[in-house]
Participant: 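Take a look at this one; I'll ask things after.
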Amino acid sequence: MSTAALPRVKAVVARHRGAVPLVAGQRAVAIGVICSEEDGKEGRAALDRALAEAEGRGCRVAHAPRTLGQQDNPGIVCRSEL
């Protein structure tokens, strides 16, 4: 099943770990995750596990989790402190 046939859910969170409970509650959707900052290897690993489990429930990962302000997004800068 392609992601076009599924409802889309985009989780926008501060760090990777923040998306884990949001991903865990999804069934049969296309999921995308955007984080405002890095969460270290452990945080990313927890999110990757949650996304793999979601795929087992019929979800599709629309794209790899993205972190704002990384080198692949040099024009986007997000700061968590106000």
Side-chain angles (χ1 to χ4, degrees):
M1 179 183 302
S2 83
T3 58
L6 294 172
R8 294 177 181 256
V9 172
K10 186 76 69 171
V12 181
V13 295
R15 294 186 182 96
H16 297 111
R17 287 180 216 262
V20 171
L22 300 174
V23 169
Q26 300 303 316
R27 304 272 188 276
V29 298
I31 301 173
V33 176
I34 299 176
C35 302
S36 63
E37 55 192 64
E38 287 291 331
D39 194 14
K41 290 181 183 180
E42 295 84 13
R44 178 58 189 262
L47 177 55
D48 288 343
R49 284 190 301 275
L51 290 169
E53 291 169 5
E55 287 183 316
R57 294 189 304 273
C59 295
R60 297 289 179 260
V61 178
H63 57 77
R66 298 178 182 155
T67 302
L68 301 178
Q70 279 189 332
Q71 292 178 356
D72 59 335
N73 296 314
I76 301 173
V77 177
C78 182
R79 299 194 65 169
S80 59
E81 51 283 6
L82 297 175

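Values below: all heavy atoms of this structure, side chains included; hydrogens, waters and symmetry mates excluded. Not measured: the values here are computed from a predicted model.
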Participant: For the pair Arg8 and Val29, evaluate side-chain contact (heavy atoms from CB on, under 4.5 Å) and give the outcome as yes or no after the intermediate values.
Facilitator: CA-CA 6 Å; Arg8 294 177 181 256; Val29 298; over 6 Å; no
Participant: Provide the closest heavy-atom pair for Ser36 versus Thr67 in the form atom of the first, atom of the second, distance.
Facilitator: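 It is C-CG2, 4.4 Å.
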Participant: Hydrogens and angles aside, do His63 and Lys10 bring a side-chain donor and acceptor to less than 3.5 Å of each other?
Facilitator: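 Yes, side-chain donor-acceptor contact under 3.5 Å.
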Participant: Are Arg17 and Glu42 packed together at the side-chain level, in the sense that at least one heavy-atom pair is separated by less than 4.5 angstrom?
Facilitator: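 Touching, per the 4.5 Å side-chain cut-off.
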Participant: Taking the side chain as every heavy atom from C-beta outward, state whether Arg66 and Cys35 have any atom pair closer than 4.5 Å.
Facilitator: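 With C-beta onward as the side chain, the pair stays apart.
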Participant: Does this structure show an ion pair linking Glu37 with Arg15, if we count only N-O contacts that are shorter than 4.0 Å?
Facilitator: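 A salt bridge is present here (some side-chain N lies under 4.0 Å from a carboxylate O).
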Participant: Looking only at heavy atoms, what is the nearest atom pair of Arg57 and Val23, with distance?
Facilitator: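 What the structure gives for the nearest pair is NH2-O, 2.8 Å.
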Participant: Where is the tightest heavy-atom contact between Val20 and Ala50, given as atom of each residue plus distance?
Facilitator: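 Shortest heavy-atom separation between Val20 and Ala50 comes out as CG1-CB, 4.1 Å.
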Participant: Looking only at non-hydrogen atoms, find the nearest pair between Ala28 and Cys59 and report the distance.
Facilitator: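 For Ala28 and Cys59, the tightest heavy-atom pair comes out as N-SG, 3.5 Å.
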Participant: Return the minimal non-hydrogen interatomic distance between Ala54 and Ile31, and the atom names on each side.
Facilitator: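 Smallest interatomic distance, heavy atoms only, reads CB-CD1, 3.9 Å.
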Participant: Atom NZ of Lys41 and atom CG of Asp48: how far apart are they, to the nearest 0.5 Å?
Facilitator: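 Answer rounded to 0.5 Å: 13.0 Å.
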Participant: Please find the pair of heavy atoms, one from Leu22 and one from Ala11, that lie closest to each other, and give the distance.
Facilitator: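 Result for this residue pair: CD1-CB, 4.1 Å.
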